[in-house]
Amino acid sequence: MRSGFGNSVVPVLTMVAALIVIWYGAAIWLNSPVILDRLSREGITPDFFGLVLRTWSYNRPIMPAPHQVAIDLYNSTLTLAPSNKRSLIYHAWITLSATLLGFVMGTVLGVALAIFIVHNRAADRSLMPWIIASQTVPILAVAPVIVVLFFNLLTGQNLIAQALRLNAEGAQLVSKGVISMYLSFFPVVVGMVKGLRSPELIQIDLMRTYSASSFQTLRLLRLPAAVPFLFASMKVGVAASLVGAIVAELPTGAQSGIGAKLLIGSYNGQTIQIWSALILASILAGILVAIVGLVERASVRVMGARP
Amino acid sequence: MTSVVSAKSLGLTFPTADGDVVALSNVNLEIEKGEFVSFIGPSGCGKTTFLRVIADLEQPTSGTITVNGTSPSEARVNRSYGYVFQAPALFPWRNIEKNVALPLEIMRFSETERRERIRKSLELVNLSGFEKKFPWQLSGGMQQRASIARALAFDADLLLMDEPFGALDEIVRDHLNSELLKLWARTQKTIAFVTHSIPEAVYLSTKIVVMSPRPGRVTDVIISPLPKERPLEIRETPEFLEIAHRVREGLRAGHSYDE
């Protein structure tokens with residue numbers, strides 16, 4: 001089986017080309033009423049070709065055309081220094097750092113909870129329903145509460161704040177990371193509980209004949225057996241972390257980050273900026289999932305899987 | 001001679017949704033040091049269950065059993081037996097050498113001791129040179145040999161084998177049977193061996209325990225008169241065929257075919 005990168009290039013490019021064609025069509029369809037309205041007030045009746053060109057170059061379109069987004073994306077990333085606050089790279093890094101912090105916290109929490117659940121029957125029965133319930137809470141509604149709560153906790157007069165000694169920026173990072181963690185620990189718990197229980201009965205019996213301790217069984221059998229499950233969960237988790245970080249920036253008055261950029265764009269009717277921020281976010285998600293995939297491949301090779 | 005395993009009126013009943021299943025009923029058996037004891041019988045006769053009771057993987061509900069003079073659970077904690085399962089149960093993420101090292105790691109053998117024991121056990125099952133191979137790179141027979149090496153690695157005096165060659169074809173099985181006899185002669189271990197093959201039981205054993213189902217019980221214990229040195233051709237001798245005949249009779253007597 002060749003899971004070749006080269007094999008997927010043609011279908012992916014075909015999909016991208018089809019999407020761009022649909023996108024241009026949608027730009028004509030959605031922008032033309034506004035354009036026609038404006039032109040009729042000026043007393044101009046454009047021909048079809050003129051109308052199409054205008055829908056693709058309007059500066060405050062309902063639906064910006066792909067090339068407008070591409071140009072804005074290029075101008076706001078490659079032409080500006082990454083430290084410039086108008087640079088999207090700067091905002092992306094703010095969001096990415098919260099994403100990575102939340103992803104690491106979520107993965108650690110998820111693995112720890114799964115280990116606890118697998119080893120404790122009471123935890124198995126009592127924790128799982130709460131974990132599932134936690135994901136039915138509308139995160140957009142509770143994110144501001146949680147972010148503000150953690151921000152105050154981390155900057156206020158208490159033992160945790162005194163121990164960590166974070167500045168405002170650090171506290172903001174951690175409180176956004178908490179939302180990422182909240183979204184990303186769930187797939188990890190579910191996947192790891194399944195993974196830690198994946199060894200066959202015969203393998204568990206084998207460990208018992210050696211009178212191995214449960215820690216030895218965990219380290220030598222359950223954890224290695226759960227590795228494929230962990231990577232599948234982490235791919236879902238890392239994408240959820242990014243969503244969490246963006247959501248944490250949206251309603252909390254954050255000044256920087258992709259979420260803040262989206263919100264400012266929508267206040268000012270800057271649809272092109274919104275779209276370039278969205279595209280960048282999806283590129284980021286793709287890169288993060290691909291990195292997890294690469295680590296997975298390396299680990300599979302080390303663990304001697306059939307190529 | 002000292003008894004390695006001694007069972008007295010041993011019984012084991014599994015409670016199930018459709019009532020109790022008597023897996024073992026009134027089993028009395030002694031396994032002496034250095035014996036090769038085979039358990040043979042149709043499925044459901046409790047031969048595997050008996051082996052699992054010795055290994056402390058199942059708990060008897062009546063009677064007594066001692067292993068090396070202690071309770072099975074003490075014997076397990078003392079690591080006084082090696083168990084070979086029906087399937088190799090090798091860990092796919094460990095190469096052969098690391099698989100054999102697994103019990104040694106758990107039992108905290110030193111690095112040098114580990115290396116020496118891995119070498120010796122792989123040599124005993126003729127798998128030298130395959131240390132770095134992963135399980136999927138080996139044939140079924142070689143995988144089962146690796147699992148025997150793993151059971152031998154920590155040098156317990158008692159080897160419990162639960163249909164270890166049941167999934168292998170006849171040619172490989174013949175070969176492994178004669179290898180197992182050589183291994184037994186070299187290591188002087190006591191072996192308890194579960195099988196459902198009459199020739200296998202007769203060829204390997206010094207003592208054959210014939211069992212029958214519903215309830216699982218011992219119907220005959222045959223002490224084999226065959227010499228210790230057994231070439232494969234011994235299976236065509238009249239002595240061999242006579243024991244095989246007695247085993248077959250024992251199996252027939254204990255089994256009602258009306259069902």
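No hydrogens, no waters, no symmetry mates; every other heavy atom, side chains included, goes into these values. So that the names make sense, note that chain A is the first sequence line, chain B the second, and so on, each numbered from 1.
The neighbour count for Leu159(A) CG, taken as heavy atoms of other residues, nucleotides or ligands under 6.0 Å away, does not exceed 12. Heavy atoms from other residues, nucleotides or ligands lying under 6.0 Å from CZ of Phe150(A) number 12 at most. More than 12 heavy atoms of other shown residues, nucleotides or ligands fall within 6.0 angstrom of atom CD in Gln137(B).
The part of Leu90(B) that comes within reach of chain A is its backbone (N, CA, C, O), which places non-hydrogen atoms under 4.5 angstrom from that chain. Looking at Gln216(A), the atoms closer than 4.5 Å to chain B (heavy atoms on both sides) all sit in the side chain, from C-beta outward. Contacts of Asn78(B) with chain A are absent, with no heavy-atom separation under 4.5 Å from either backbone or side chain.
With rounding to the nearest 0.5 Å, the separation of CD1 in Ile106(B) from OG1 in Thr217(A) is 6.5 Å. With rounding to the nearest 0.5 Å, the separation of CD in Gln203(A) from CG in Leu102(B) is 10.0 Å. Taking OH of Tyr210(A) as the start and CZ of Arg79(B) as the end, the distance is 11.0 Å to the nearest 0.5 Å.
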Task: Thr209(A)/Phe85(B) under side chain to side chain contact (heavy atoms under 4.5 Å, CB included): CA gap, chis, key distance, verdict - done: CA-CA 11 Å; Thr209(A) 67; Phe85(B) 292 87; 4.2 Å; yes
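Counting only heavy atoms from C-beta outward, the side chains of Tyr83(B) and Leu206(A) never approach each other to under 4.5 Å. Residues Asp205(A) and Arg52(B) are in side-chain contact: their nearest non-hydrogen atoms beyond the backbone lie under 4.5 Å apart. Side-chain contact between Leu221(A) and Trp93(B) is present, with heavy atoms from C-beta onward closer than 4.5 Å.
In this structure, Arg208(A) contributes its side chain and Arg76(B) its backbone to no donor-acceptor pair below 3.5 Å.
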